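Everything on this sheet refers to the single structure shown next.
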Amino acid sequence: MSNGSGRHHVGAPGAPGSGVAERGRPGRTGAMVDYRVREYRDEDYEAVRELFATGMSEYVPALCVHVLKQPWVILVLACTFCVLLTSSKSLLLPILAVTLLLATGRQLLGYFWTMYIEHCLKGDLLDIRTTYMGSKGSCFWVAEADECVVGTVATRPSDEEEGELMLKRMSVRKDYRGLGVAKALCQAVIGFAQRQGCRAVVLNTLMVQDEARLMYERVGFQKYRDEVLPTIYGRLANVTISKYRYGVPRRS
């Protein structure tokens with residue numbers, strides 16, 4: 001077992017294990033929470049899907065802010081405001097129009113993001129056992145605390161490079177973040193990759209997943225490429241995907 005800060009310890013990298021962490025924000029005293037990382041079971045199905053959907057839904061506000069910062073969006077809003085102000089000689093109409101545009105844009109972004117979540121739920125998360133537990137190089141883990149699933153992570157062979165595993169579906173319940181649960185889940189994937197004889201673990205993050213990127217970098221992942229999502233929506237919204245790699249040490 002390796003000790004960390006905040007009275008927290010986790011199992012050896014990659015081996016499903018257990019940990020103890022102090023719940024609460026850094027610097028604050030909270031209740032002690034026991035958790036363990038184990039492989040997925042069929043009875044976890046609904047909890048895993050709900051955790052994924054809830055976690056992904058949290059990114060809508062950050063996505064809206066990101067889109068609002070795009071130059072063409074600022075230009076459209078400014079032009080709309082100026083044209084209506086000039087034609088109506090009143091502040092009320094342009095303010096109402098810009099407010100309506102912002103509200104409509106927020107609804108559209110929320111709708112498209114919900115569609116993406118539904119796409120994932122109907123894709124690899126529709127049959128988790130078949131997708132992740134039925135073939136070599138694939139696996140799915142959950143972090144369990146207080147008899148509940150509070151975190152998830154999965155891996156399967158990368159589509160880009162042979163000998164690499166893709167880390168996927170990392171999610172930790174909001175009230176259990178900052179306790180080392182995500183790190184323990186990462187270690188489960190890294191240890192699994194080591195036992196499989198893989199040379200690296202890779203993953204993708206979106207530009208709004210700042211907290212996740214910092215966690216991956218603390219674990220030891222290194223960013224090697226940024227790319228814009230190659231779709232019309234991706235280019236318009238400047239949806240950037242950051243790709244990370246962790247070099248897996250050989251087993252001694």
Side-chain angles (χ1 to χ4, degrees), residues 25 45-128 131 148-154 166-178 182 203-216 226-244:
R25 297 179 184 276
Y45 182 76
E46 293 298 337
V48 166
R49 286 164 58 86
E50 181 180 357
L51 183 61
F52 167 78
T54 301
M56 292 300 291
S57 297
E58 294 176 15
Y59 292 113
V60 173
L63 183 62
C64 290
V65 172
H66 174 79
V67 172
L68 278 175
K69 292 179 180 179
Q70 301 311 304
W72 69 270
V73 175
I74 297 173
L75 181 62
V76 167
L77 293 174
C79 288
T80 300
F81 184 87
C82 292
V83 168
L84 291 177
L85 180 63
T86 302
S87 61
S88 66
K89 307 295 184 180
S90 170
L91 275 174
L92 182 59
L93 181 60
I95 289 175
L96 288 175
V98 169
T99 301
L100 180 61
L101 284 174
L102 290 172
T104 302
R106 169 64 175 78
Q107 290 298 317
L108 285 173
L109 281 172
Y111 171 76
F112 286 122
W113 195 249
T114 300
M115 292 290 289
Y116 168 72
I117 294 172
E118 288 296 323
H119 172 76
C120 296
L121 292 174
K122 293 177 181 178
D124 62 300
L125 292 178
L126 182 62
D127 189 343
I128 298 171
T131 305
C148 297
V149 173
V150 300
T152 66
V153 73
M166 172 72 73
L167 184 151
K168 298 174 66 68
R169 304 310 179 210
M170 169 69 77
S171 185
V172 176
R173 212 171 82 180
K174 196 170 185 177
D175 51 334
Y176 284 86
R177 293 173 192 167
L203 61 88
N204 298 333
T205 64
L206 290 174
M207 70 288 167
V208 295
Q209 295 177 298
D210 295 327
E211 185 179 342
R213 287 202 300 272
L214 289 174
M215 184 276 296
Y216 291 131
D226 286 325
E227 61 183 40
V228 176
L229 193 66
T231 62
I232 294 176
Y233 170 78
R235 295 188 181 97
L236 281 175
N238 192 29
V239 177
T240 304
I241 298 173
S242 296
K243 294 180 174 288
Y244 282 81

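Everything numeric here is computed off the predicted structure, so don't read it as measured data.
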Shortest non-hydrogen pair, Gly55 vs Ser171, comes out as CA-OG, 4.4 Å

Subject >> Candidate pair Lys69 and Asn238, rule side-chain contact (heavy atoms from CB on, under 4.5 Å), full reasoning >> reply: CA-CA 10 Å; Lys69 292 179 180 179; Asn238 192 29; over 6 Å; no

_Taking the side chain as everything from C-beta on, heavy atoms only, tell me whether Leu75 gets closer than 4.5 Å to Pro71._
no

Residues passing the ring-ring contact (aromatic ring centres under 6.0 Å, His included) test with Trp113, sequence neighbours excluded, are Tyr116

Side chains of Met115 and His119: closer than 4.5 Å at any heavy-atom pair? no

query: Could Arg173 and Glu58 be called an ion pair, given the rule that one side-chain N must be under 4.0 Å from one carboxylate O?
result: no

The side-chain contact (heavy atoms from CB on, under 4.5 Å) partners of Thr131 (sequence neighbours excluded) come to Asp124, Arg156

Residues Val208 and Arg213: closest non-hydrogen pair is N-NH1, 4.3 Å

Return yes if some donor-acceptor pair links the side-chain N/O of Arg169 with the main-chain N/O of Phe52 below 3.5 Å, else return no. no

On a heavy-atom basis, the closest approach of Leu203 and Leu167 is CB-O, 3.8 Å

Review point. Should we say atom CG of Leu214 is surrounded by more than 12 heavy atoms from elsewhere, each under 6.0 Å from it?
Key: yes

dist Thr54:OG1 -> Ile117:CD1 (nearest 0.5 Å) comes out at 8.5 Å

- Any side-chain donor paired with an acceptor under 3.5 Å for Asp226 and Ser242? yes

TODO: Test Tyr45 against Ile128 for side-chain contact (heavy atoms from CB on, under 4.5 Å), laying out the working first.
DONE: CA-CA 8 Å; Tyr45 182 76; Ile128 298 171; 3.9 Å; yes

Might you work through the side-chain contact (heavy atoms from CB on, under 4.5 Å) test for Arg177 and Met215, ending with a clear yes or no?
CA-CA 11 Å; Arg177 293 173 192 167; Met215 184 276 296; over 6 Å; no

> So do the side chains of Leu206 and Val239 get within less than 4.5 Å of each other, counting heavy atoms only?
Replying inline: yes

Review point. Is there a side-chain contact between Leu91 and Phe81 (heavy atoms, below 4.5 Å)?
Key: yes

Phe112 meets the side-chain contact (heavy atoms from CB on, under 4.5 Å) criterion, sequence neighbours left out, with Leu108

Separation between CG (Leu126) and SG (Cys120), nearest 0.5 Å, reads 12.0 Å

- [ ] Measure from the side-chain N and O atoms of His66 to the backbone N and O of Met207, and report whether any donor-acceptor pair falls under 3.5 Å.
- [x] no

Practice task
Report yes if the side chains of Asn204 and Tyr244 come closer than 4.5 Å at any heavy-atom pair, otherwise no.
Solution key: no

* To do: With the side chain counted from C-beta on, respond yes when Leu85 and Leu93 share a heavy-atom pair under 4.5 Å apart, and no when they do not.
  => no

Nearest heavy-atom approach of Val60 to Gly110 is CG1-CA, 4.3 Å

Rounded to the nearest 0.5 angstrom, the CZ-CG distance for Arg106 and Leu68 is 11.0 Å

Residue pair Leu77, Leu102: steps toward the side-chain contact (heavy atoms from CB on, under 4.5 Å) verdict:
CA-CA 9 Å; Leu77 293 174; Leu102 290 172; 3.8 Å; yes

*asked:* So Val150 and Val172, do their side chains get closer than 4.5 Å, heavy atoms only?
replied: no

All heavy atoms of Arg49 vs all of Leu121, minimum pair found to be NH1-O, 2.8 Å

For Glu50, does the CD atom sit with more than 12 other heavy atoms under 6.0 Å from it, leaving out its own atoms?
no

Heavy atoms of Ala182 and Met170 approach each other most closely as O-CE, 3.6 Å

| message | If we ignore hydrogens and angles and just use 3.5 Å, is the side chain of Gln107 paired with the main-chain N or O of Thr104 as donor and acceptor? | response | no

When rounded to the nearest 0.5 Å, the distance separating CG of Leu109 from SG of Cys64 is 4.5 Å

message = Does any part of the side chain of Leu96, heavy atoms only, come nearer than 4.5 Å to the side chain of Leu100, both counted from C-beta?
response = no

